[in-house]
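Below is one structure, written out as C-alpha coordinates; the observations come after it.
Residue indices begin at 1 and follow the sequence shown.
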Amino acid sequence: MATEERNENLEEVEETVENTEATETKEEVVEEKTAEELLQEKVDKLEEELKQSEDKYLRLYAEFENFKRRKNKEIETNNVYKSQKVITEILPSLDNLERALQVESDNEEIKSLLKGVEMVYEGLLNVLKSEGVELIETENAQFDPNYHHAVMQDEDSEKESGAILDTFQKGYKLKDRVIRPAMVKVNS
(Lines give C-alpha, C1' and ligand atoms only; values in the text may rest on other atoms or scores of the structure.)
Protein backbone atom coordinates (compact mmCIF):
# COMPACT_ATOMS: atom_id res chain seq x y z
CA MET A 1 0.00 0.00 0.00
CA ALA A 2 2.71 2.35 0.66
CA THR A 3 3.90 1.90 -2.88
CA GLU A 4 0.44 2.61 -4.21
CA GLU A 5 0.22 5.71 -2.09
CA ARG A 6 3.58 6.79 -3.33
CA ASN A 7 2.56 6.24 -6.91
CA GLU A 8 -0.65 8.26 -6.34
CA ASN A 9 1.30 11.03 -4.64
CA LEU A 10 3.85 10.91 -7.44
CA GLU A 11 1.07 11.15 -10.03
CA GLU A 12 -0.48 14.05 -8.15
CA VAL A 13 2.88 15.82 -7.99
CA GLU A 14 3.47 15.19 -11.71
CA GLU A 15 -0.02 16.51 -12.49
CA THR A 16 0.59 19.57 -10.37
CA VAL A 17 3.96 20.14 -12.05
CA GLU A 18 2.37 19.75 -15.53
CA ASN A 19 -0.46 22.12 -14.60
CA THR A 20 2.05 24.60 -13.22
CA GLU A 21 4.22 24.34 -16.35
CA ALA A 22 1.15 24.74 -18.60
CA THR A 23 0.05 27.75 -16.59
CA GLU A 24 3.55 29.23 -16.72
CA THR A 25 3.72 28.60 -20.49
CA LYS A 26 0.32 30.26 -20.95
CA GLU A 27 1.45 33.22 -18.82
CA GLU A 28 4.68 33.47 -20.82
CA VAL A 29 2.67 33.51 -24.07
CA VAL A 30 0.36 36.14 -22.60
CA GLU A 31 3.38 38.12 -21.38
CA GLU A 32 5.08 37.75 -24.78
CA LYS A 33 2.00 39.02 -26.57
CA THR A 34 1.72 41.89 -24.21
CA ALA A 35 5.41 42.70 -24.68
CA GLU A 36 5.00 42.53 -28.47
CA GLU A 37 1.94 44.76 -28.28
CA LEU A 38 3.80 47.20 -26.05
CA LEU A 39 6.72 47.28 -28.44
CA GLN A 40 4.38 47.78 -31.41
CA GLU A 41 2.62 50.61 -29.57
CA LYS A 42 5.99 52.24 -28.85
CA VAL A 43 7.02 51.85 -32.49
CA ASP A 44 3.71 53.38 -33.65
CA LYS A 45 4.09 56.25 -31.20
CA LEU A 46 7.67 56.91 -32.30
CA GLU A 47 6.66 56.82 -35.97
CA GLU A 48 3.91 59.38 -35.26
CA GLU A 49 6.37 61.63 -33.42
CA LEU A 50 8.81 61.28 -36.33
CA LYS A 51 6.09 62.31 -38.79
CA GLN A 52 5.22 65.32 -36.63
CA SER A 53 8.89 66.31 -36.37
CA GLU A 54 9.37 65.98 -40.12
CA ASP A 55 6.24 68.05 -40.75
CA LYS A 56 7.42 70.72 -38.32
CA TYR A 57 10.87 70.74 -39.96
CA LEU A 58 9.38 71.09 -43.45
CA ARG A 59 7.13 73.94 -42.34
CA LEU A 60 10.03 75.78 -40.69
CA TYR A 61 12.18 75.21 -43.75
CA ALA A 62 9.44 76.60 -46.02
CA GLU A 63 8.99 79.64 -43.75
CA PHE A 64 12.74 80.27 -43.78
CA GLU A 65 12.90 80.01 -47.58
CA ASN A 66 9.98 82.47 -47.88
CA PHE A 67 11.73 84.82 -45.46
CA LYS A 68 14.95 84.67 -47.50
CA ARG A 69 13.01 85.31 -50.72
CA ARG A 70 11.20 88.32 -49.21
CA LYS A 71 14.43 89.73 -47.78
CA ASN A 72 16.27 89.35 -51.10
CA LYS A 73 13.39 91.05 -52.92
CA GLU A 74 13.41 93.88 -50.38
CA ILE A 75 17.18 94.32 -50.79
CA GLU A 76 16.81 94.30 -54.57
CA THR A 77 14.03 96.92 -54.41
CA ASN A 78 16.12 99.08 -52.09
CA ASN A 79 19.06 98.86 -54.48
CA VAL A 80 16.90 99.85 -57.45
CA TYR A 81 15.43 102.88 -55.65
CA LYS A 82 18.39 103.73 -53.39
CA SER A 83 18.87 107.17 -54.95
CA GLN A 84 15.20 108.21 -54.70
CA LYS A 85 15.63 110.33 -51.55
CA VAL A 86 18.57 112.29 -52.97
CA ILE A 87 16.83 112.78 -56.32
CA THR A 88 13.67 114.02 -54.58
CA GLU A 89 15.74 116.59 -52.72
CA ILE A 90 17.54 117.72 -55.92
CA LEU A 91 14.33 118.30 -57.93
CA PRO A 92 13.51 121.74 -56.38
CA SER A 93 17.02 122.94 -57.29
CA LEU A 94 16.49 121.64 -60.81
CA ASP A 95 13.24 123.65 -60.97
CA ASN A 96 15.11 126.77 -59.84
CA LEU A 97 17.72 126.27 -62.55
CA GLU A 98 14.93 126.00 -65.14
CA ARG A 99 13.44 129.27 -63.90
CA ALA A 100 16.85 130.93 -64.12
CA LEU A 101 17.21 129.74 -67.72
CA GLN A 102 13.92 131.43 -68.64
CA VAL A 103 15.47 134.84 -68.08
CA GLU A 104 16.23 136.62 -71.35
CA SER A 105 18.74 139.38 -71.66
CA ASP A 106 20.90 141.13 -74.27
CA ASN A 107 23.67 141.75 -71.76
CA GLU A 108 26.80 139.67 -72.53
CA GLU A 109 27.61 139.06 -68.87
CA ILE A 110 24.14 137.70 -68.16
CA LYS A 111 24.27 135.58 -71.32
CA SER A 112 27.58 133.99 -70.22
CA LEU A 113 26.15 133.45 -66.73
CA LEU A 114 23.06 131.80 -68.28
CA LYS A 115 25.37 129.62 -70.39
CA GLY A 116 27.06 128.42 -67.16
CA VAL A 117 23.67 127.77 -65.52
CA GLU A 118 22.58 125.86 -68.62
CA MET A 119 25.71 123.67 -68.43
CA VAL A 120 25.04 122.89 -64.75
CA TYR A 121 21.39 122.14 -65.59
CA GLU A 122 22.31 119.78 -68.44
CA GLY A 123 24.92 118.06 -66.24
CA LEU A 124 22.31 117.47 -63.55
CA LEU A 125 19.84 116.14 -66.12
CA ASN A 126 22.47 113.72 -67.46
CA VAL A 127 23.27 112.43 -63.97
CA LEU A 128 19.58 112.00 -63.18
CA LYS A 129 19.03 110.22 -66.48
CA SER A 130 21.91 107.83 -65.74
CA GLU A 131 20.20 106.97 -62.43
CA GLY A 132 16.98 106.10 -64.30
CA VAL A 133 15.05 109.34 -63.79
CA GLU A 134 12.62 110.17 -66.59
CA LEU A 135 10.50 113.23 -67.26
CA ILE A 136 6.75 112.61 -67.19
CA GLU A 137 5.33 113.73 -70.53
CA THR A 138 2.62 116.38 -70.38
CA GLU A 139 2.74 117.97 -73.83
CA ASN A 140 -0.18 116.73 -76.01
CA ALA A 141 -0.97 114.10 -73.38
CA GLN A 142 -4.17 112.95 -71.71
CA PHE A 143 -4.55 113.42 -67.98
CA ASP A 144 -3.54 110.31 -66.04
CA PRO A 145 -3.98 110.52 -62.25
CA ASN A 146 -1.09 108.08 -61.82
CA TYR A 147 1.35 110.57 -63.37
CA HIS A 148 -0.35 113.97 -63.20
CA HIS A 149 -1.71 116.16 -60.43
CA ALA A 150 -4.51 118.41 -61.68
CA VAL A 151 -4.46 121.78 -59.93
CA MET A 152 -6.70 123.69 -62.37
CA GLN A 153 -9.37 123.10 -64.99
CA ASP A 154 -10.13 125.18 -68.02
CA GLU A 155 -12.14 124.84 -71.20
CA ASP A 156 -10.59 124.75 -74.64
CA SER A 157 -12.97 123.78 -77.44
CA GLU A 158 -10.07 122.87 -79.74
CA LYS A 159 -8.83 120.10 -77.44
CA GLU A 160 -10.65 117.05 -76.17
CA SER A 161 -11.81 116.58 -72.59
CA GLY A 162 -9.07 115.42 -70.21
CA ALA A 163 -6.26 116.87 -72.32
CA ILE A 164 -3.46 118.64 -70.51
CA LEU A 165 -3.47 122.36 -71.34
CA ASP A 166 -0.53 123.62 -69.32
CA THR A 167 2.21 122.33 -67.04
CA PHE A 168 3.02 124.24 -63.84
CA GLN A 169 5.66 121.88 -62.48
CA LYS A 170 7.42 119.04 -64.24
CA GLY A 171 6.92 115.53 -62.97
CA TYR A 172 9.54 112.80 -62.73
CA LYS A 173 9.63 109.07 -62.29
CA LEU A 174 12.48 106.85 -61.16
CA LYS A 175 12.46 103.70 -63.27
CA ASP A 176 8.78 102.71 -62.94
CA ARG A 177 7.95 104.63 -59.73
CA VAL A 178 6.56 108.18 -59.78
CA ILE A 179 8.66 110.32 -57.46
CA ARG A 180 6.84 113.58 -58.25
CA PRO A 181 3.67 113.89 -60.33
CA ALA A 182 3.44 116.72 -62.85
CA MET A 183 1.24 119.64 -61.75
CA VAL A 184 -1.03 120.45 -64.69
CA LYS A 185 -4.07 122.36 -65.94
CA VAL A 186 -6.63 120.00 -67.49
CA ASN A 187 -9.29 120.62 -70.11
CA SER A 188 -12.76 119.87 -68.76
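In this structure, a donor-acceptor pair under 3.5 Å is present between the side chains of Glu131 and Ser83. Using modelled atom types, one finds no donor on one side chain facing an acceptor on the other under 3.5 Å when comparing Asn72 with Arg69.
Contact record, Ile164 with Gln142: CD1-O, 4.1 Å, taken as the closest heavy-atom pair. When all heavy atoms of Glu155 and Ser188 are compared, the closest pair comes out as CG-OG, 3.2 Å. Considering every non-hydrogen atom in both Thr138 and Ala182, the closest pair reads CG2-CB, 3.6 Å. When all heavy atoms of Arg180 and Lys170 are compared, the closest pair comes out as NH2-O, 2.8 Å.
Side-chain atoms of Thr77 and Arg177, non-hydrogen and from C-beta on, do get closer than 4.5 Å to each other. Looking only at side-chain heavy atoms (C-beta outward), Glu48 and Asp44 stay at 4.5 Å or farther from each other. Side-chain contact between Ile179 and Leu91 is present, with heavy atoms from C-beta onward closer than 4.5 Å.
When hydrophobic side chains of Ile, Leu, Val, Met, Phe, Trp and Tyr are connected at separations under 4.5 Å, Val151 ends up clustered with Met152, Phe168, Met183.
When Thr88, Leu128, Leu94, Ile136 are each tested for a side-chain contact (heavy atoms from CB on, under 4.5 Å) with Tyr172, only one passes: Leu94. Considering Lys51, Gln52, Arg59 in turn, Arg59 is the only one that fulfils the side-chain hydrogen bond (donor to acceptor under 3.5 Å, both in side chains) rule with Asp55.
Judged by distance alone, the side chain of Asn187 and the main-chain N or O of Glu160 form a donor-acceptor pair under 3.5 Å.
For the pair Lys68 and Glu65, the salt-bridge criterion is met [side-chain N within less than 4.0 Å of a carboxylate O]. Using a 4.0 Å cut-off between a side-chain N of Lys or Arg and a carboxylate O of Asp or Glu, Lys71 and Glu74 qualify as a salt bridge.
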